[in-house]
Amino acid sequence: MNMFQDWPEPIVRVQSLSQSNLKAIPNRYVKPLSQRPNLPSQNHHNKHNPVTAAIPIIDLGGLYTNDITLHAKTLDEISKACKEWGFFQVVNHGMSPQLMDRAKETWRDFFHLPMELKNMHANSPKTYEGYGSRLGVEKGAILDWSDYYYLHYCPLSLKDYTKWPSLSLHRREILEDYCKEMVKLCENLMSILSRNLGLQEDILQNAFGGKEESGGCLRVNYYPKCPQPELTLGLSPHSDPGGLTILLPDEQVAGLQVRGCDDAWITVEPAPHALIVNIGDQIQMLTNSIYKSIEHRVIVSPAKERLSLAFFYNPKGNIPIEPLKELVTEDSPALYSSTTYDQYRQFMRTQGPRSKSHIAELRSPR
């Protein structure tokens, strides 16, 4: 499926660069002027800037109550967030705070292992599974200031324990439980999104290939501290190529920024033990752009490392993805031509993160 056996250049671990106490970052991490983050000059009165509060925080507890009004209000909040924001935070989502903390701790332990142990898990562009430091295989590309670990959790046919990190059995069980809970939450959200579109609750899930065949993978992002955060990014602007993303953010260090409606970058301040949900390109296509996948990026910190866990829930690779026939009418004709997730993902893996250029190319000619 992937033309690339190996990376075009020797891999440099950003964590090693960060630990070598350099004063200036290498040129290959310096973004062009137009892409550099406009960081507040450490003026802390900016902390309560109203834009930081903008992303909706939704209490999913309202869905598990007998209060019909509260139930309807919660569904409505989710619907609004998917249409207007493409991003929202959820609390009372059913995942135990202990499990969330342990999962983060487990991955922190991994990234603090000696480099030679981590490098035993080095990934290749063939599957991306394992320990990585770049997205995209373009030679000479400007890179992001981050390392990561990527692994497949489902469908079962893709789950490969030899690709999991070297951790104690107990630690592996934590990761297993974490991913299992994530899948449950994604399945839940898929049926809520379907119902909010006025469809039967399994329509979106079936468009992904059904529960058995849908894909789930985990990408753990590690952003080492950076001596010149104003020149680079932890992750360049992109919308997620997959279906649904659930992010467990670093509560200590904010870094995720979402592009607001006026093109301003809004920093997401995570609520305690909240998860951040965002719509990916596949759901934007399936819903014929009723739900939007929104560009986001990550800024890095001069003082602190940052760790986040992104769980991606995706359609089966070879199913045609196109606007659902129930949502295509004379007044709103299909906006996208058919593609498969395998074909779609190939773009990100070749070019790396590129704003929303890819989904734009799939818009059907009018």
Side-chain angles (χ1 to χ4, degrees), residues 14 25 27-40 49 51-52 54-55 81-82 84-89 128 132-138 140-148 150 219 221-224 226 228-247 249-250 253-270 276-285 289 291-301 306 308 310 312 314 344-363:
V14 179
I25 63 174
N27 275 343
R28 42 180 342 186
Y29 298 93
V30 176
K31 300 291 173 192
L33 260 172
S34 61
Q35 289 173 27
R36 292 179 197 172
N38 182 8
L39 301 176
N49 188 333
V51 278
T52 55
I55 285 177
C82 292
E84 293 173 13
W85 273 100
F87 260 89
F88 51 100
Q89 300 194 53
Y128 272 71
S133 292
R134 66 178 292 166
L135 284 169
V137 288
E138 196 186 356
I142 294 184
L143 301 178
D144 289 338
W145 191 262
S146 63
D147 299 325
Y148 63 85
Y150 180 83
R219 186 183 132 111
N221 306 299
Y222 181 78
Y223 306 102
C226 176
Q228 295 177 298
E230 67 290 347
L231 297 183
T232 189
L233 288 166
L235 194 50
S236 292
H238 65 288
S239 58
D240 289 344
L244 205 55
T245 302
I246 302 196
L247 181 78
D250 192 318
V253 193
L256 175 66
Q257 293 189 325
V258 174
R259 203 191 269 286
C261 32
D262 53 0
D263 271 356
W265 288 103
I266 293 161
T267 304
V268 181
E269 298 281 350
I276 299 170
V277 179
N278 69 285
I279 302 291
D281 293 349
Q282 306 300 306
I283 285 185
Q284 177 167 326
M285 291 191 285
S289 223
Y291 293 165
K292 309 274 192 293
S293 67
I294 299 296
E295 256 187 281
H296 48 287
R297 68 179 189 184
V298 174
I299 55 174
V300 288
S301 158
R306 182 171 177 272
S308 69
F312 301 113
N314 303 321
Y344 195 89
R345 185 175 54 189
Q346 199 59 37
F347 176 89
M348 180 85 150
R349 292 191 164 183
T350 315
Q351 317 257 335
R354 289 264 169 107
S355 305
K356 287 203 63 165
S357 57
H358 190 34
I359 191 165
E361 284 171 17
L362 281 170
R363 280 192 83 111

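Numbering starts at 1 and runs along the sequence shown.
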Heavy-atom closest contact ([X] atom, [Y] atom, distance):
X    : Y    : answer
P37  : I299 : CB-CG2, 3.7 Å
C226 : I25  : SG-CG2, 3.7 Å
Y223 : G234 : CE2-O, 3.4 Å
A81  : F88  : CB-CD2, 3.7 Å
C82  : I279 : SG-CD1, 3.9 Å
F312 : D240 : CE2-OD2, 4.0 Å

Mind checking side-chain contact (heavy atoms from CB on, under 4.5 Å) for R259 and listing every partner two or more places apart, or none if nothing turns up?
D263, W265, E295
Hits for side-chain contact (heavy atoms from CB on, under 4.5 Å) against L143, two or more places apart or cross-chain, chain-then-number order -> R28, Y29, R134
Atom [atom1] in [X], atom [atom2] in [Y]: separation rounded to 0.5 Å?
X    : Y    : atom1 : atom2 : result
E230 : R36  : CD    : CZ    : 8.5 Å
H238 : D144 : NE2   : CG    : 9.0 Å
T245 : N314 : OG1   : CG    : 7.5 Å

Relative to the ring of F87, is the ring of H296 parallel (under 30°), tilted (30 to 60°) or perpendicular (over 60°)?
perpendicular
Is the positively charged end of R219 above the ring of Y150, judged by distance under 6.0 angstrom from the centroid and angle within 45° of the axis?
no
Hey, are S308 and D250 close enough side-chain-wise for a donor-acceptor pair under 3.5 Å?
no
S236-K31 side chain donor-acceptor pair, cut-off 3.5 Å
yes
Determine whether a donor-acceptor pair (N or O, by modelled atom type, separation under 3.5 Å) exists between the side chain of [X] and the backbone of [Y].
X    : Y    : value
N221 : Y148 : no
D147 : V14  : yes
Q284 : S293 : yes

Can you find a heavy atom in the side chain of [X] that is under 4.5 Å from one in the side chain of [Y]?
X    : Y    : answer
I142 : V30  : no
D281 : Y344 : yes
E269 : I55  : no

What residues form a side chain to side chain donor-acceptor pair (under 3.5 Å) with S146, not counting sequence neighbours?
none
